[in-house]
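These notes are about the structure you will find just below.
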Amino acid sequence: MTLLCSECATPAPDDALFCAACGGLLMFELQRDRIDAGALRALLRARRGSNEHRDRSGVWRYRELLPALDPERIVTLRENDVPLYPARTGAAYAGAQTVSYLHLGMNPTGSFKDAGMTVALTHAAQTGARVAVCASTGNTAASMAAYAARAGVHAVVLVPSTGISESKVAQTLDYGATVLGIDGDFDAALATVRSLDPRRVAIVNSVNPYRIEGQKTTAFVLLEQRAWRVPDWLVLPGGNLGNTSAFGKGFREAFALGLIDRLPRIAVIQAAGAAPFARLFAAGGEMIPVKAQTTATAIKIGAPASWKKALREVRAAAGTVIAVDDGAIADARAVIGRDGIGCEPASAASLAGLKALVEAGTIARDDDVVLVLTGHVLKDTAYAAAYHAAPAPFANRIVHTRDQAELLARIDDLATARAGA
Ligand code: F0G
């Protein structure tokens, strides 16, 4: 694997973060001629029977497709071995027939970030980093803190002091990170992190190309579970756009290696109050940052760092980018709960987006669609509680019972009603 500028293709040293020639983001390029697809499939099948951590990890079992790192010193929590669930209620809600959820919230720290962090922290530890830093709306912070703890690296996170999920901050504190709350939003935090010297501290936001290499393997996890059968559409929420870049890269590499025969189309869904990429996709030109505003706090991002990479991937995948409003996200999140699955608010942008795209005719009702759920339902319980307390289409209330007899009568009534149903 060689590290190049994603803009001007100038080769970069392995520890650089930005291109010395043009300032662009870096990316790894896979040397395809060294890998045989048939042999790789056989290797992947064989690893299913192994109990070794790196074979059970949904990142490291694809290590032939990752940057070379010492296999004896991998920092892993068995991440990215994530399930694909049929989405019955969600499909009916969106008016589509064949929909599944790829649930990345079923990761060790409850979000998709773990797939990238295992690689970023393995690299950081192997290059002798003592401190790792990130800006975050909460999930990157929790994930980095967990992997840094495992690696013996000190974690420092910059998060907005207000307006992010308390559960995520508490989780990050649990893992022992230094949490710096700033009087500003994610974009301000990321600008500060980008000004740090990467030779002094490891910067592990998704501008770090090792993160993207880890996250691209989620495309392989999805395809492998479908016996390398390509869905028509992959629908995912977009914030800083690292994940869009990673999925696109993963699918392109699988295609180039001959593991799949076509690319899925990619639909990126933004929250309406934080949708500079949707605007850019529709209107063209350069990225115009916005002051982001949405209750889906994970994707409250106004100046996405990876927009150029993501735009190339969406175009290569004949994809689309749209925005949905906070109310649509809130209802879609509750619907995903009714499937017995659940997710955090930002993740539900995928189902809200699917509904809008089916209504618009962009996605056909009989298309085979995978919705990416990026974070676990327990990542933001305050949001869920508020939804169920307010008047909302899928709100479900607590029934407070005063005494034992009433309680038993209620259960009995329900049993009778259901017996007749
Ligand atoms: N969904 C969730 C749950 C997220 O936490 C994020 C990003 C996204 C979607 C968007 O992914 O940035 O790759 O386009 N969370 C970051 C964080 C910003 O700090 O946890 P993206």
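Read the numbers this way: they start at 1 and go in the same order the structure lists the ligands and their atoms.
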Residue pairs, two or more places apart or on separate chains, that pass salt bridge (charged side-chain N to carboxylate O under 4.0 Å, His left out) and touch residues 234-258: Glu213-Lys249, Lys216-Glu253, Lys249-Glu253, Arg252-Glu313

Contact check, side chains of Arg54 and Arg78, non-hydrogen atoms, under 4.5 Å: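 Answer no - side chains too far apart.
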
Side chain to side chain donor-acceptor pair (under 3.5 Å), paired with Glu344, selected from Thr374, Thr381, Asn139: Asn139

Residue of the set Asn107, Thr172, Asp114 for which side chain to side chain donor-acceptor pair (under 3.5 Å) holds with Ser143: Asp114

salt_bridge(Glu359, Lys355) N-O dist < 4.0 Å: yes

Aromatic ring proximity, centroids under 6.0 angstrom, Tyr147 and Tyr175: no

Set of residues that line ligand 1, where lining means a heavy atom lies under 4.0 Å from it: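 Residues near ligand 1: Phe112, Lys113, Ser136, Thr137, Gly138, Asn139, Thr140, Phe186, Pro237, Gly238, Gly239, Asn240, Leu241, Gly242, Asn243, Ala298, Ile299, Ile301, Glu344, Ala346, Thr374.
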
